[in-house]
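Below is one structure, written out as C-alpha cells, with a few remarks after it.
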Amino acid sequence: MYEYTSTQNSVRVVLCVAALAVATAGHAQTRSNDSTKTDEKRFSAELSAGLEHSSRLAVDELDVVADDGDLAALLGFEVGYELGITSKTDFDVSYSLSQTVHEELDQFNLRTHFGVADLSQDFGRVDVGLSYRYLD
C-alpha cells in the first residue's frame with residue numbers, strides 16, 4: 001500500500017511493509033443441531049510501517065506547535081476477531097497499536113492503544129448493541 005497526502009505544508013508517505021490481512025484466512029463456520037446457531041469465526045491481523053515528513057508539527061489536542069520540520073517513522077499493528085454467536089448475534093473485539101517516532105523532535109512522539117468490544121443482536125427492524133471503547 002502506498003499513500004501520498006499533501007495538506008498544510010505536510011507531506012506523508014506511507015509504505016506498507018507487511019499487510020497480513022488475514023481477514024478470512026482464519027475463517028471457519030460450523031452449524032450445530034440448532035438451526036438458528038452458527039459458530040462463525042473470523043480473525044484478522046495487519047502490520048504496517050512507513051515514513052512521514054512534516055514541515056510544521058502540531059498536536060491540536062494539546063495546543064502544541066513547532067515551526068520546525070521533522071521526519072518520523074510510523075509503525076502500526078492491529079488484530080481483530082469476529083464471532084457469530086447465533087445467526088442474529090455477533091461479538092467483535094479488536095486491538096490496535098500505533099507509534100510515531102520523530103527523528104529530532106521527540107516531544108511529538110505518539111503511541112496510541114485502541115481497544116474495541118462490540119456485542120449486537122438483530123431483532124429484525126431494530127439492532128441493539130453494547131459497545132466498549134478504550135483509548136490511551
Minimum-distance pair of heavy atoms, taken over all atoms of [X] and [Y]:
X      : Y      : value
Leu105 : Ala66  : CD1-CB, 4.2 Å
Phe123 : Asp127 : N-OD1, 4.1 Å
Gly69  : His53  : C-NE2, 4.5 Å
Ala45  : Val79  : CB-CG1, 4.1 Å

Worksheet item: Are any non-hydrogen side-chain atoms of Val65 and Arg56 less than 4.5 angstrom apart?
Response: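 Val65 vs Arg56: side chains touch.
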
Worksheet item: Any side-chain heavy atom of Glu52 sitting closer than 4.5 Å to one from Ser54?
Response: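 Yes, side chains in contact.
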
Worksheet entry | Single-linkage hydrophobic cluster Leu83~Val93, side-chain heavy atoms < 4.5 angstrom |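 Yes, Leu83 connects to Val93 through the hydrophobic network.
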
Fill in: ILVMFWY network linking Val116 to Tyr81, side-chain heavy atoms under 4.5 angstrom
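Different hydrophobic clusters.
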
Item to complete: For the pair Arg133 and Asp118, find out whether any cationic side-chain nitrogen is under 4.0 Å from an anionic carboxylate oxygen.
Response: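 A salt bridge links Arg133 with Asp118.
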
Could you tell me the separation between the [atom1] atom of [X] and the [atom2] atom of [Y], rounded to the nearest 0.5 Å?
X      : Y      : atom1 : atom2 : value
Tyr95  : His113 : OH    : NE2   : 4.5 Å
Leu110 : Ser98  : CG    : OG    : 6.5 Å
Ser48  : Glu78  : OG    : CD    : 9.0 Å
Thr100 : Asp106 : OG1   : CG    : 13.0 Å

Discussion item. Can a donor-acceptor pair be found, under 3.5 Å and without considering hydrogens, that links the side chain of Thr86 to the backbone of Thr89?
Written reply: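 Side chain of Thr86 to backbone of Thr89, a donor-acceptor pair under 3.5 Å: yes, one is there.
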
Worksheet item: Hey, does the side chain of Asp70 reach the backbone of His102 with a donor-acceptor pair shorter than 3.5 angstrom?
Response: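 No, the answer is negative, given that no donor and acceptor are paired below the 3.5 Å cut-off.
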
Practice prompt. Would you sort out whether Leu97 and Arg111 count as a side chain to side chain contact (heavy atoms under 4.5 Å, CB included), showing the intermediate values?
Written response: CA-CA 7 Å; Leu97 169 68; Arg111 178 181 296 151; 3.7 Å; yes

